[in-house]
Each structure stands twice: as structure tokens, then as C-alpha cells.
Amino acid sequence: AEEDLITVGYAQVGAESDWRTANTESFKSTFTEENGYKLIFDDAQQKQENQIKAIRSFIQQEVDYIVVAPVVETGWETVLQEAADAGIPVILSDRMMDLADDSLYTCWVGGNFTLEGETCGDWLAAYLEEQGRGEEEINIVTIQGTIGASAQIGRTEGFAKKLAEHENWKMLDMQSGEFTQAKGQEVMESFLKSYDDIDVVICENDNEAFGAIDAIKAAGKTCGPDGDIIVVSFDAVKAAFDSMIAGDLNATFECNPLHGPRVAEIIQKLEAGEEVEKIQYVDEAFFDTTMDLEAIQAERAY
Amino acid sequence: MENIKKLTSKRLFMPLFCLAVMLIAAVIASPDFFKIGIQNGVLYGRIIDVINRGSEVVILAVGMTLVVSASAGTDISVGAVMAVVAAVACAFTAGGQQSVNEYIRNPLLGALLAILVGILCGCFNGFLVAKLKIQPMVATLILFTAGRGIAQLLTNGQITYVRVDSYKMLGSSIPGVPVPTSIFVTVLMVVLTMLLLKKTAMGMYIEAVGINSKAARLVGLKSTMIIFLVYAFSGFCASIAGLINSSRIYSADANNIGLNLELDAILAVALGGNSLAGGKFSLLGSVIGAYTIQTLTTTLYAGSVSSDQIPVYKAIVVVIIVSLQSPELGKLMRRLKAKFSAGAGKGAVS
Amino acid sequence: MEQDVVLTMRDISKNFPGVKALQNVDFTLRKGEIHALMGENGAGKSTLIKVLTGVEEFESGEIQIEGADTAIINRSPQEAQANGISTVYQEVNLCPNLSVAENLFIGREPKRAGMIDWRTMKKKSRELLEGLDIHIDVSVAVENYSIAIQQMLAIARAVDMSAKVLILDEPTSSLDDGEVEKLFGLMRRLRDQGVGIIFVTHFLEQVYAVCDRITVLRNGALVGEFKVEELPRVQLVAKMMGKDFDDLAAIKKEGMQNRIKGEVAISAKKLGHKGTIRPFDLDIHKGEVIGLTGLLGSGRSELARSIYGADKPDMGELFVKGKKLLVGAPLDAMMAGMAYLPENRKEEGIISDLSVRENIIIALQAKRGLFHLLSRKEQEEFTDKYIDVLQIKTADRETPIRQLSGGNQQKVILGRWLLTNPDFLILDEPTRGIDIGTKTEIQKLVLQLAEQGMAVMFISSEIEEMIRTCSRMAVLRDGAKVGELEESELHQNSIMKAIAGGGN
Amino acid sequence: MKKERRKLDGNSFLLVITIALFLVMYVVGCILFKTQGFAKTQNFLNLFISNAGLIVIAVGMTIVMITGGIDISVGSVVAMVCMILAWTMEMAGWGAIWSTVFVLAIGLVFGFVQGWLVAYLKIQPFIVTLAGMFFARGMTAVISKEMISIKNEMFLSWAQCKIYLPFGGYINKKGMLIKPYIYPSVIIAIFILIAVFLVLKYTKFGRSIYAIGGNEQSALMMGLNVKRTKLKAYMLEGFLASLGGFLFCLNTCSGFVEQAKGLEMDAIASSVIGGTLLTGGVGNVIGSLFGVLIKGTIEAFITFQGTLSSWWTRITIAAMLCFFIVLQSVFAAAKEKNKK
Ligand SMILES: Nc1ncnc2c1ncn2[C@@H]1O[C@H](COP(=O)(O)OP(=O)(O)OP(=O)(O)O)[C@@H](O)[C@H]1O
Ligand SMILES: Nc1ncnc2c1ncn2[C@@H]1O[C@H](COP(=O)(O)OP(=O)(O)OP(=O)(O)O)[C@@H](O)[C@H]1O
Ligand SMILES: [Mg+2]
Ligand SMILES: [Mg+2]
């Protein structure tokens, strides 16, 4: 019956990318009535103030749990205090919150962007080694994500760490492609005209990589495992597999969007009165052209 | 001297002058700005990028100019309409799948359908503005808000890819033709619109309605119809721009196609020396304005300005350009000068 | 400065692109005089006033005003006001969205404790207007009132500012005789208080009725300053036009009396528009000039508008040459051969930023349709023809119409309609703001058109003008047509009686 | 009687319609979402709590719109203000009061520059404020690309200072007594609303704004100082934008580049729904308040509904907006017809 259901209010960022859509879908398919939940879903259209409104509304609706995928990391004290005053536990998903008082949320579930960046650096080092270019001077450009987004910050930071470890790697330029294909292309076009000798392009999401690849081809160069320029990207959306199969993209580093089941698990534990870990990373892998991409792609949920 | 005066008093002088200054700045920022080469059988170079990338803004600005002229308002929905159009085109040709490597349905039909939808969006705006007399910005705010939602609805919230070479042609180039297709389309749109305005009475009608719709009605113009048509046309322009943009990325990215392009289009109209209060307009001015903006953006990219700081430079350049175009600046200068020279003498009366 | 002089302008010059609007003009205004500023359309009267009050800059010359030691330059109307000059400009300048009371007092609102005292403001407004015999709701927005009322409001506002100099630029163009009389009373009172008044008008009688002195301008240059007694009418006209002028008597409706009425061109049956004009019947014959007469606000304009479809009538039927016409929009009426010169030139007539050429040809173009663009050559021919016929003073045919003087704008609009070669021409106050020479020309033209078989409807607040031109009149009162006067009954007295109504 | 009737003409009539529609809408919400507690006092107060900044900004927007202008920079200004607050307090170590005074001053200066360009150089407001929008957003990025969280104690104490109301409490599921509360920001917003209402109605400056919007040329000819008045209007607007930004910041306690994107559209929409004309001369801040509340209620509907996908959210908001605007225009047209 209606009363037995656990009510969960989920304040989602929006639907700004395929990743986000998959993330939303994962929650919607997990928190169903069959599974004993009533999900109140709110889409914030990428605006923090909307999320704050939504949380306030959840409090009024007396939900049992509030799950937030914060638009940004900062500025949540007041409204989380309100939730705490009403005695509603808050679970964070995807992005972290930057709070003075960590007790305001119960736990966090998400990917590790910095780790993704580091993995990328490690992969590149291994790949170059394998190609016999381990000692060569390597010119790198980065097409960053939307400046300020946690994915952008984490991935830039993670890769920078690895960059520092290799003296022969040189970061020529960084410019934001705002996580879109069109901007990625425009930025890459500009890079190609400013620098003749680019060896590696790091794109902070897949869509930027698609644009960069087009720009590279238009400039009469080639990319991918058999080409002049190495292109790597993050997220591992389905389309990225197409691109790798076509031999344009070298590798993509996963950012797992399937947080729903994990959050459900946590809620079950909390219902049973158990303690939960404060920080919970979801598993993330990477894919490159050496793998059986078609098989993997067929299995993936997004 | 006489000649210079005559030249500077021409309507298009200031916009052209500003474009020229921008181009010079561009050359200083990247010396190979005007270098044109051939790459893969297609023209290649920064200046080509400017012209190519500027296509969408130019086409939007064409429609926007007429909207501004006839209704003294702006159509802020064009960016969102572009997204809708792209979504229709992709969702139709991909047959609802998320990514296809060949057409599921006829691409021409898809393009036609998409254009039709774009025009319909324009008609919706036109109906609200012309018939219901809702203020343009507010009327178009509705599609501005809904447009990307509709686009996502059509593509199920995901970016839909049509990875077929012929789909990419509009945004890149047709094999064997060295000029990017979008440049052709842009020229065609501008020329056709010009002809429409100059060879029929439409240009005069639009201006008359924009300047004084009451008087225009009394001399037998159907103000309502004209305003309606102008919005429909703006929808048409948005749909062409949407198709180009979608073809560039061979996909429909509901969240990003045409994002903030409405602002650039409006800016282009203003930089072209047109008044946003309606009435007299110069289509060429808007086109020049659009290329000015694109030159600025490309130059800033070339100068490695971080993209989130680009707006600061853009703002400064815009303010300088529009100030230069303001006749008030001249008056103010003259007054200051007079004050200065009189200051020593009697003490000016202010 | 002379003893009783309040204002002198010396050697004022002002150029517009292509036009020497003022060339070394001198003007002197004395305390307690009413000083007429006369000249043909485009002579530079309004420009002189705008230069004086800071609306336009001027190139050279000097303005001195009593009380200031040095020459002054007003940079804005605000400064002019501060210097004691209060002005009613030629085109009514009020804020349509504000209430009557606010328009009267804006910028000098009565205050209490630093806040605007609305109650006092309304009370004062009511008093002010009642003094002028205007009885309207002062808390209603000005846009709800007719031009005539608006003109009175602008005057009331200027008069109430108790300035040293009061400028009235064609204040009487929309007023009827009664109101003009009221205004004159007011002006005389102010003169006696020592105010200097500059008065611009095209009505000679008015000049001779109230003015003390006359300054005449021609083509931007000063002709001279005269005492009224020393300058008889004929000479004044001659000075204005620069040539001798065969007096108004020249116009006669020769042969009109004897002519039989033509066939019925337009016939209205119970036509009406809710709230403005009650259902009326009216037949208009080919070749006649039918006048509409009545007091201000009696609904003359509304009657004309309902025929033309400017305000779509919501009852009754209209027949054109016997055929029923459904008028949905003005274009339908135009296609049936009608033309309509609206009374409010600024709001409904001119298309301000378009050129003279475009303003003239636009109606014909609309009639021909979108795809039948008149060739540039035809456009220019037509334009030149009407510039010539109507003596329109303009720098160029490509000059934006807003740069023309008020009277010349009116001529352009008239030209616009003549070009469409209508069968039925409605003229609502066509001579408003038009100089005496052209006025006569227009009257002649109207008669000539009627002669050629056109049906004309003529509305004017000037009864004499109506008598000269009309062959029949319809009388309106309070939004209803109350009677008709035949040719034989057209005399000042009988018309006045009809307007006033049979005694009740 | 007749006079009273007349007073309802046109604009005030529209205001009455707006308020009535809001009430109807709210009651419908209470009925539809009865079980979820839509009717709780706190839910109503939340409209004010979450929108305090927007109310102040919409009030400012109304002022410039009455002059016939527009200001699309406000969203970016809010972002800049939040960023400056965060940066000065967290990075430069200023006190909360100084930071606040500083951003308010910045708002004034920003308004002054925009106003000067609009009034004295006669550049079109849309373009000036578009440049302002670019500038402020860019400056936000220049100050810091990273998000800054405000941890300043005094600031947080302002932000979290609940003011409980003595009525409307309820016992929640867990047996806690929840008393309705507001934050100081709400009081500031209401105060500003009243103050601006009085300024517009009872000062020369306020009336001049209406006059300019009605007909700038006439206002000039009637001897008003059009330029100065416009400049002042934009300065006031800039001040209110920064104050709104401050209130906004009290709600979000952070600064980052993407903040308050599109807020200008919310403010414009609220003003227009409240009966302000973009062509100038007509408008009322009380209307704008109801515009904000109506937008808030529409959003509350959607949150309470709780199953819409992202795209349906957008479409639904737009549809309700459309419904509302069309309804308003139909009422206005009917009124216009009656008048004739
Ligand atoms: N803003 C302007 N730009 C260009 N020319 C102008 C402008 N204003 C007036 N003129 C020109 O200056 C001349 C004088 O115009 P002005 O309005 O002073 O005439 P006027 O004597 O008031 O005539 P009227 O009796 O018709 O009102 C005209 O030829 C007119 O075309
Ligand atoms: N004295 C008045 N008091 C109140 N309202 C008036 C007055 N005079 C005019 N009006 C309003 O203005 C409307 C239009 O009047 P208008 O002046 O156009 O009539 P008219 O007979 O055409 O006179 P004219 O064309 O000479 O000005 C009237 O229907 C009436 O509502
Ligand atoms: Mg004049
Ligand atoms: Mg009339």
C-alpha cells in the first residue's frame, strides 16, 4: 500500500548530457513501487536555486530520504540544515558538497574524477611506452570541460599530476570546449592552426572528442591508433565506442552513471539501522582499441 | 574632404569600419589570419573558419533583422528552435534510434519536415505577437523555454547521431567543391532575402509596419499579416541554421545546438547599425555585424583567451563599437571641446 | 537691453542637412505683448522655437533673456523652463500613459512631507481645467482623450507655469471657435500680467484678434517685425509669400448650385460603432463635397472612420455604388475606391522614418499588392509630381518625412491619397497646420476634384472654410447624426444653430 | 460609482487579474496536492524564502522596463556579486559587512556605467546590458574559476537565522513540531518592495520614470531631465541587482561562474506577468511580486507532481507560462474592446 512505500525525493541536476539521462534512468528504474519506493523526481534545469527549492519542497512533502545530485559543490548549508531540522537523511550522488559540517549528509556515492584523470595519464604513459615513444617529446593539448564543473576540475587535476611526472610531456594549451561537440571542434580548429605538432589531445568528455576528430580530419591529419594524433576522452558513452571502432578515438575513461542501485542499497541499510560508509565510489573502468569493443558496447546500459 | 564626409555618412560605413578594425586586430593576433590553403580539397584557414562558422549567426541575423524591424521586438526563441529542428531531422532520419550509420528514413524528407517544424515554431510566435498582441520577447520566451524540452522529448533525452557522410555535407563540404557548403547556403539565404525585399514591396511594408503600425494599417497594409510572416520567416531561418549546425556535428544535441545564438544574432543586428526599436533596417549591416562577432570570437580563441573569460573582451569590444556608432558621442565630444576652450575665457554655461 | 524687453534673439542660424532652416534671424519679445510669428509652412517658425528652448542646437547667434547678464544657451527644455520660458510645441507633447493631472503637474508636483500629494494635485488640476471650462476626469490617462482635449491640456500646463515667456506653436489647430475664444481670454489675461507671448498660427483672423506685433519669416530668413495696426492682412500675406496674393474671395463654387447631384457613390445604412457613433444613414453623391460639422467630440471623425473601416463598424451596412461592401480592414475600403486622410497626423498619418517618396507612394503600392512593386522611376515621377503640385518644401524626395515641417508633412499625406486616384476622398482636418496660401490651394483642389466627379467628405473646425467648399453638410451632436443642411442653408448662422441643437 | 469603475481601466485591471489568477492557481494546487501538504503555511513561505533575491531583482527590472528599457545583465551581476562576496570573505579575509557594502557599491557603479551608456550615449538598453551580461559573467570567471564556498560565520549566521512565526505550526511524521519560519532575506525583500512602490508612486523621480516610458520625447519637451532620470533608474536597478544578488547569496552561500544563469529571463517574465509592458510606461512592482509568486507556484506544481522527466518539466513550465500569458492577453483584449 501507499503508506508502506519508502518515499525518496531525488533532486537531479537536469538532462544536460547522455550521461545524466542514464543517471536519471538508473534512479527511475531502481526506485519503483514494485521495489517498495515512491520516487519524487525533480529536475533542476542545471540551476542550484531550483534544487534548493526542490529540497525545501521535499521537506514539506515529508519524504523519508532526500537524494541530491548537486549542481555545484558549494552553498548547501542552509537548506541541509533545514532537512536536518526536519530529521530527513540526505544522500549525495555524483558530485560532492563542500560543507563545513559533514554531518549534514549521511553519505556520498559517485565517481572519482581525479582518479579518472590519473588513470588517463597512466594509460597514456603505458601506450607511449608501448609505441616506443616513451622518451620522445610529446606535445599535448587539452580541451577542457565547462570551467568550474567538478568533472573538469577533477580530470584536469588528475592528469596534471601525471603530467608532472613526465618531463618529456609538454602541455601546449588548454581551452574549454564546454563539454560540447561543436565547441570542441572550434577549439581544436584553433589549436591546429596555432600548433603544427600536436601529438595528443585530451578531451574532457566524449562529445568534445567527436568534434576534435572532425577538426583534425578537416585539417588533413589523421588520428586514432593508426594516425598522427592520439585522442583520448572521458565518460565512455555509447557513441564513443562507435568512434573507437571506427579507429578515430584511442581510449575513453569511464564515468559510471548507474548510481541508483547503490543508493537503494544504502537506503536499505539505513532502514535496517545499520551504519553506512561516508564516501562510496562506484566502479569505473576504461576502454581502448585493444579490447573487444563491440561486445562491450552491446552489453552496456548507456 | 567632401568625399570623406560623404563616405562616412553612409549607413554602412560604421559597421564596415568596425569589421575592418576587427580584421586588423585579428591579423595582429594571428599573422596568418588571411592565409588560405587547400586541405582535403577544401579551403582552409582562419578567415575561412570565420566565414564558415559565422553562417548560423548570419542566417539567424537575417530573420532577426526583419523581426526587429517589423515588431520592434526580438525573437529570443531562435536558438531553441534550432535545437528542435535538429532533433526533428535526426530523430526522423535515424528512425528513433540513438545512433545510426545509415539513413533509416529519407534524409530529404527529414530535412523538409524539420524546416516545416521550424516554420511552424515561427508561426506560433507570429500568432502570439501579431494576433494576440503579446510583446515579442515574452511571446518568444515560451518557445525559448520549451524548445529544448521538445527537442529532448523527440530524441528521448539523448544525443542522436546520424553518422552518414551525406548528412555531414551541409556542415562541411560536398566532395569536389572547395568551398564549405554552409557558405553557399548563407549567400543564398542573404541574396534571396534581399531580392524578396527589394523586388517586391515587402521591405517597405515591413519598415512601415515597424515604424507606425497604425498608419500602416490605414494605408492598407495588413500589419498583423506582415508581422506574422516575419516571425514565420525567422522560424525558417532558424531551421536552416539548425540544420547546418546539426550537420556539423551529425547529431542533435538538444542542450547545446544554438545555445545563446539568439543573443549573437540580436547583437549582430545592433552592430549592423540597426535600431532594436524597429523601423528602418539594413540587412547587409546585420550580416556585417554577424561576421564582426565571429571574427572577434575566432580571434580570441586564437589568442588563447580562456573561453569563460572571452565574454569580458566581447563586452568591451561591443561597448566600444556601439559607442562609436552612437551619434551622441560626437555631440558629447564637441561639447566637451567647447567647454574646454571656453573654460579659460568666460566660464561656460552648463 | 531695452527696458521692457524680455527676450532677444540675434543673428540666429541653423542648418539641417540640405536645408537652411534659419539664417541670421532676429527676434525681440517685449513684456506684456502677444507677438505673432508668421510664415509659410517650412518657413522656420517651429525651428526658431526649438532653438530657443533647447530642443535643437543652433550654429551661431545669441539669445538674451531678461534677468541674465550674459547670453544664454538653453541645452534642454528643462533649462529653458528654468529660465522662465514655457512652451507648447506644435505637435502635442504629453505622456499618453499618465493621468491628466500628472501631465499638468509633472516636474512640479505639489508635495507634502517630501512625497507627491496626489490629492492636492488632482484638486489643483480640476481647478485649472475648470477655469478653462474643461470638465474631464483628471485621473484618467491622457490617451483616452481626443487631440483637441490634449491640446487644451498642453496649453493649460504651459500657462500654469507662470513663466516670463509663453510660447504657443499652432495651439489652435485642433480647437473649435469656442475653445479658441477661451484661449484668447487666457492669453490676454497673461499679457496684462506682463508675460511675453509668442504665438504661431496660420489663422490670420486670430492674429488680428489678439496680437500686438508680428514677425514674419520666409524661407528661414527674417522678413521683418511689424506692429499689427501697421500691417494690413493683404500685406501680411504678401510678406509671408513674397508675392502678391489674390485673396480668398477668389475661390467660388461656380456652377455648383446649378449642378444636379450625381449618382450615389457611398451609402451608409444604420452604420454605427458601439460607444463612439450611433447608427446613421448617409448618402454621398458623386461630385459633391459633403461636410461634417459639430462640436468637438461630436463624433465627426468617428463617422468618417466607420465608413472607411479605420474602426470596424459593428452594426449596419455600407453600399458603394449600390453594391454592399464588407469592410474588414482599410484595404477593403481602398480597393472600393476610398481614401482617408486621418486627423491625427503624427500618430496615424506619417510613417516618420520613411522618406517623402515612400510616404507618398505607399498607399498606391498597398493597393497594387506586394508583388507589383512600382518601379523606382515611377515612384520618383509620382513623388516629384506631388511635390510640385502641392508645393511640398523638402530638401530631397529621399528626406525622411519627420524632418519636414508640420504643414509639409500634411501635404505629403494628402499627396499620398491623391495618388491613389480615389472615387471617394475623406479629409479629416486636411488644412490643419497648413499655411494660408496652400490652404487656398487645397480648397481649390477639393472643388476641382469634385468637379471631376470625385465624392469628397470634408471635416474641418473652421466653419468658413466649410462653407466655401461644401455643397452639403451633415450635422453631428454627441455621437449621433442629427440632421443635414442643403447648399442653400449653408450660412454661418444656420450652421451654428444646427450644431447647438434646437434649443434644448 | 462610475468613477470607481473607470479607475479599474486598463492597467490596474490587469493587476487585479494577475492577483486573482495567482489565488486561483494556489487554491488549485492545495486541492491537487492535498495529501502532500501543499497547503502548509511553510510551503507558502518557501515561495518567499526561495525567491527573495528574485523579488528584489524583478522590482529593479520593473523600474527599467517602465522607462522603456531592459536589463539582461542581472543574472550575470548576481553571479558576480556572489563571487565577489565569496572571494572577499574567503580569499581576502574581509568581514561580512565590508563585503556586503562593497558589492552594493559595485552594483551602483555597474548601474551607473550601464545607465550612462543608455542615457547619455543613447545606446540601446538591450545591447548595453547584453555587454554588461557578458562582462559580469566574464569577470566572475576572472575572479575565480573555481567555486568558492562561503564559510564566514557572520554571513552564515545571517543566512541561517530563522525567524519563527507564531502560527501555522504542525507535527510531522516523526512527531516533531515544525514551526513555520522565514529568513531575514524575506524581510529585506518585502521592505524593498514597499520602498520602491512608494518611490514610484510618490516621488518626482518615480513619476518621471513613467513619463519617460510613456513618451520620451514628450517627457523631454515637458522639461524633465530625461538623461539624469534614466541614469538614476539604471543606478537604482544596478543597486537592486546587487542587493538581489546578496539575498541570492544568502540562499546559496557560494560563488561560481555558472550561478544564476538565465535569472534575467525569470525577472523579465515575472515583471511581464505582473503587467509591465516592455514598451515602457506601464508597470507596477506589486504586479512583479505576483509575477514572481506565480512563477514560483508553477515550479512548486512541478516539484510536487514529482514524476516529470527533465524535458517535460521544461515543456510544462512553458505551457503554463503560455496559458497564463495568453489568458492575460485575452482579458486585456476584451477590456480594450469594452472600452471602445
Ligand atoms: N529635424 C530636422 N531635420 C532636417 N530638416 C528639418 C528638421 N526639422 C525641420 N527641418 C526643416 O527645416 C525647415 C523649417 O521647418 P519648421 O518646422 O521650422 O517650419 P515651420 O515654419 O514651423 O512650418 P509649419 O508651419 O509647417 O509648422 C523645413 O524645411 C524643414 O524641412
Ligand atoms: N469635452 C470632452 N469631454 C470628454 N470627452 C471628450 C470631449 N471631447 C472629446 N471627447 C472624447 O474624444 C472622442 C473623439 O472626439 P473627436 O474630437 O475625435 O470628435 P470629432 O467630432 O471628430 O471632433 P474633432 O475631429 O474636431 O476633434 C469622443 O468620442 C469623446 O469620447
Ligand atoms: Mg511648425
Ligand atoms: Mg475628430
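Scope of the values below: all heavy atoms of this structure, side chains included, with no hydrogens, waters or symmetry mates. In what follows, chains carry the letters A, B, and so on, assigned in the order in which the sequence lines appear, proteins first and then strands, with residues in each chain numbered from 1.
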Taking side chain as everything from C-beta outward and backbone as N, CA, C, O, which of these in [X] sits under 4.5 Å from a heavy atom of chain D? Side chain, backbone, both or neither.
{"X": "C:Leu98", "value": "side chain"}
{"X": "C:Asp117", "value": "neither"}
{"X": "C:Arg108", "value": "neither"}

C:Ser76 vs D:Asn225 side-chain heavy atoms within contact, under 4.5 Å
no
Could you check whether any side-chain heavy atom of C:Cys95 comes within less than 4.5 Å of a side-chain heavy atom of D:Met222, counting everything from C-beta outward?
yes
Mark yes when over 12 heavy atoms from residues, nucleotides or ligands other than [X] sit less than 6.0 Å from its [atom1]; otherwise mark no.
{"X": "C:Arg112", "atom1": "CZ", "value": "no"}
{"X": "D:Phe205", "atom1": "CZ", "value": "yes"}
{"X": "D:Phe191", "atom1": "CZ", "value": "no"}
{"X": "C:Asp314", "atom1": "CG", "value": "yes"}

D:Met221 and its side-chain contact (heavy atoms from CB on, under 4.5 Å) partner, picked from C:Thr53, C:Asn93, C:Val88, C:Thr87:
C:Asn93
Can you give me every donor-acceptor pair (side chain of residues 207-216 of chain D, partner residue at least two apart or in another chain, under 3.5 Å) with its distance?
unit_1	atom_1	unit_2	atom_2	d
D:Arg207	NE	C:Glu102	OE1	2.5
D:Arg207	NH1	D:Leu200	O	3.1
D:Arg207	NH2	C:Glu102	OE1	3.2
D:Arg207	NH2	C:Glu102	OE2	2.9
D:Ser208	OG	D:Lys204	O	2.7
D:Tyr210	OH	D:Gly283	O	2.6
D:Asn215	OD1	D:Gln217	N	3.1
D:Asn215	OD1	D:Ser218	N	3.2
D:Asn215	ND2	D:Ser218	OG	3.1
D:Glu216	OE1	D:Lys230	NZ	3.2
D:Glu216	OE2	D:Lys230	NZ	3.4

When you look at C:Glu109 and D:Thr203, which way does the side chain to side chain contact (heavy atoms under 4.5 Å, CB included) test go after all the steps?
CA-CA 9 Å; C:Glu109 298 91 344; D:Thr203 66; over 6 Å; no
Determine whether D:Leu224 and C:Gln78 satisfy the following criterion, side chain to side chain contact (heavy atoms under 4.5 Å, CB included), listing intermediate values before the conclusion.
CA-CA 6 Å; D:Leu224 297 181; C:Gln78 191 195 18; over 6 Å; no
Residue part contacting chain C, namely of D:Lys201, when any heavy atom lies under 4.5 Å:
both
